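Here is how names work: the chains are called A, B, and so on, in the same order as the sequence lines, proteins then strands, and each is numbered from 1. Below, each value reflects all heavy atoms present in this structure, side chains not excepted, and no hydrogens, waters or symmetry copies. The model shown is predicted, which means the values in this text are computed figures rather than measured ones.
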Amino acid sequence: MIDLKLVQKQPHILAGVLADRHCDIDVGEFLVLDKRRRALLAEVEAMKNRRNTASGQVAALKREGEDTTAMQAELGALAERIRALDMEAGQARADVEAWLMRVPNIPDGSVPKGKDETENVEVVRWGEIRVFDFSPAEHGDIGVRLGGFDFERASRLAGSRFVCLRGWAAKLERALVNFFLDQHAANGYIEINPPFIVNSAAMTGTGQLPKFEEDLFALRGREQYLIPTAEVPLTNLYAGEVLDGELLPRAFCSATPCFRAEAGAAGKDTRGIIRMHQFTKVEMVRFAHPEDSFNQLEIMRGHACRLLELLELPYRVVTLCAGDMGFSSAKTYDVEVWLPAQAVHREISSCSNCTDFQARRANIRFKPRGGKAVFLHTLNGSGLPTGRTIAAILENGQQKDGSVRLPKVLIPYMDGVEVIEPPKQP
RNA sequence: GGAGAGGUAGCGAAGCGGCCAUAACGCGCCCGACUCGAAAUCGGGUUGCCCCGGAGACGGGGCACGUGGGUUCGAAUCCCACCCUCUCCGCCA
């Protein structure tokens, strides 16, 4: 949620921002709603003031044994009017709130303008792109051929966009999770194993609700949802709390399954394991001092990139333009790994500084030394999803004989296995 | 799932229709005194949000006792629903 005062005092700035984001929210509508809210509030508060003082008088008179029935009758009528007006004022307040909850975060000044992914700006390119002396296969085909991906049985169990990882692939996923978590622990992240189901308050805190409910898997008959990313439980860990300012920045990581309805993704990325309803991801979340958060974003992006370097996977980093950024983010770097079969860079990590946007929604504050509690800044980044990492490993490590050479750094995690060989028997 | 107890300031906790919400009392924290310094002791201070006014230190008002309703002139206090925590029972990896 953006700052109410900013909208009130500088509506033109917000209007410009919303235009940059290609978002069709009308700021004028807010000004009308807010004006009405304030007028009703002033009116009902004046009435409540009268009621409060008069009720005190009733008490005083009763103590002296005086008759107060006439006064009570009069106040009863006032109470009726307060009830009605209070309802109206409450609705006006809810209208303003609802409007605010659908406004995205304000892009940082360093974010390039632009409408979609074609206008993102490349900032880093790393690694040598391998030249193949054969035509590189797609990861989905490699995974199936090597007996690691079973799409058919998964879809029989659950539907489309699910996969069963089998044998070496299941183990590779575990290896990656452990490798990632070990790296994060070395970088000072505290590992959390959170609930994979959260309530609507948590989803609202990070910005999935109220606007993006159709992207979530909801539990029938309950105000609960499957998490689309560990960002949700991690960022909401300290919801409603005031943290000690001396302890910032704080860093947390978590390996969880992620569940996404992928509504509106029909026909997109249908091959392989790039876009699944369920996938495993290690997530990084940082809580930072407002003046330090953009520096923290660089640090976190560095952590994501380092993982790819250790895995010997070529990548590039782009700064997302305003029109391509997520709802809660003020600045996002996408890290894109090289997939040789299609000769494209595909998003593998998204690192965002959400500034105080989520902190305000989830009410996460910190107390500076000797100061008042203020909203802190939240950041999140993938570090990394296992599925897309496996895809990159398979495509980049494939050999002419159909086998796949694993990155050296994973060999200890794979009990010494260096190469995935085609199965002798299916 | 059943029974009971409970949710009040940073923490513990009192209050159980108006005289108790800038919320008793205790702890913590901040300032000061004493001290070479510290501990101990003593004195003072210490909730948040919203609206109106003010350039501002501030002033006026409202709201908040888990959440949402209800009863009442008036609700932390009475009633209803829901959420959460603890204890016991049941079930269970």
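Straight-line distance between the P atoms of B:C30 and B:A21: roughly 30 Å, to the nearest whole Å. When the C1' atom is used for both B:G26 and B:G15, the distance is 16 Å, rounded to whole Å. Rounded to a whole angstrom, the distance from the P atom of B:U71 to that of B:C80 is 15 Å. Of the C1' atoms belonging to B:G18 and B:G32, the separation is 39 Å, rounded to the nearest Å. Atom P of B:C82 sits at a distance of 25 Å from the matching atom of B:C89, rounded to the whole Å. A distance of about 44 Å separates the C1' atoms of B:G43 and B:C83, rounded to the whole Å. Rounded to whole Å, the P atom of B:G7 lies 11 Å from the corresponding atom of B:G12. Rounded to a whole angstrom, the distance from the P atom of B:C27 to that of B:A33 is 22 Å.
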Using Watson-Crick and G-U wobble pairs whose two distances are both under 3.5 Å, how do you write the pairing of RNA chain B as dot-bracket, with | for links to another strand? ((((((((.[[[..)..(......]]]((((((.......))))))(((((((....))))))).[[[[[..)....]]]]])))))))....
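Within residues 91-105 of chain A, no residue approaches RNA chain B, by heavy-atom distance under 4.0 Å.
Distance CZ/A:F327 to SG/A:C23: 8.0 Å, rounded to 0.5 Å. The line from CG of A:L176 to OH of A:Y413 is 10.0 Å long, rounded to the nearest 0.5 Å.
By the rule that a glycosidic angle within 90° of 0 means syn, B:C20 counts as syn.
Mapping A:R365 and A:R38 onto RNA chain B by nearest heavy atom places A:R365 closer to the 5' end of the strand. Between A:A42 and A:E45, the residue anchored closer to the 5' end of RNA chain B is A:A42, taking for each the nucleotide with the nearest heavy atom.
Contact annotation: A:N49 side-chain N/O to B:G61 OP1/OP2 distance is not under 4.0 Å.
Rounded to an integer number of Å, the gap from CD of A:Q8 to C1' of B:C50 is 11 Å. For the pair A:L40 CG and B:G62 P, the interatomic distance rounds to 18 Å; values are reported in whole Å. Between the CD atom of A:E43 and the C1' atom of B:C52 there is a distance of 14 Å, given to the nearest Å. Atom CG in A:D3 sits about 13 Å away from atom C1' in B:C49, given to the nearest Å. One atom, NZ of A:K48, and another, C1' of B:C52, lie 16 Å apart when rounded to the nearest Å. Atom pair A:M1:CE and B:C50:C1' shows a separation of 13 Å (rounding to whole Å applied). For the pair A:N363 CG and B:G10 P, the interatomic distance rounds to 12 Å; values are reported in whole Å. Distance, A:L78 CG to B:G62 C1': 14 Å, rounded to whole Å.
For A:Y225, there are no ring-ring contact (aromatic ring centres under 6.0 Å, His included) partners, not counting sequence neighbours. Applying the side chain to side chain donor-acceptor pair (under 3.5 Å) criterion to A:E152, with sequence neighbours excluded, gives no partner residue. Not counting sequence neighbours, the partners of A:T69 by the side chain to side chain donor-acceptor pair (under 3.5 Å) test are A:D67.
Taking a cutoff of 4.0 Å between a charged side-chain nitrogen and a carboxylate oxygen, A:R83 and A:D86 do not qualify as a salt bridge. A salt bridge does not link A:R81 to A:E43: none of the charged nitrogens lies less than 4.0 Å from a carboxylate oxygen. The residues A:D141 and A:R145 are annotated as not salt-bridged, no charged nitrogen and carboxylate oxygen being separated by less than 4.0 angstrom. By the 4.0 Å N-to-carboxylate-O rule, A:K115 lies close enough to A:E119 to be salt-bridged with it.
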Verify ring-ring contact (aromatic ring centres under 6.0 Å, His included) between A:H377 and A:F287, making sure each step is shown before the conclusion. CA-CA 6 Å; A:H377 283 191; A:F287 297 100; over 10 Å; no
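Remark: side-chain polar atoms of A:R360 are paired, donor with acceptor, to backbone N or O of A:M1 under 3.5 angstrom. Counting only distance, with no hydrogens or angles, the side chain of A:N199 and the backbone of A:A202 share a donor-acceptor pair below 3.5 Å.
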Identify the pairs formed between an N or O of the protein and an N or O of nucleotides 72-78 of chain B at a distance under 3.5 Å, and give each distance.
residue : atom : partner : partner atom : Å
B:C73   : O4'  : A:Q72   : O            : 3.4
B:C73   : O2'  : A:S55   : OG           : 3.3
B:C73   : N4   : A:K62   : NZ           : 3.2
B:G74   : O4'  : A:S55   : OG           : 3.2

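Of the residues A:R260, A:R388, A:R346, the one that meets the salt bridge (Lys or Arg N to Asp or Glu O under 4.0 Å) test with A:D269 is A:R346.
Counting any heavy atom pair closer than 4.0 Å across all strands shown, A:N199 reaches no nucleic acid atom.
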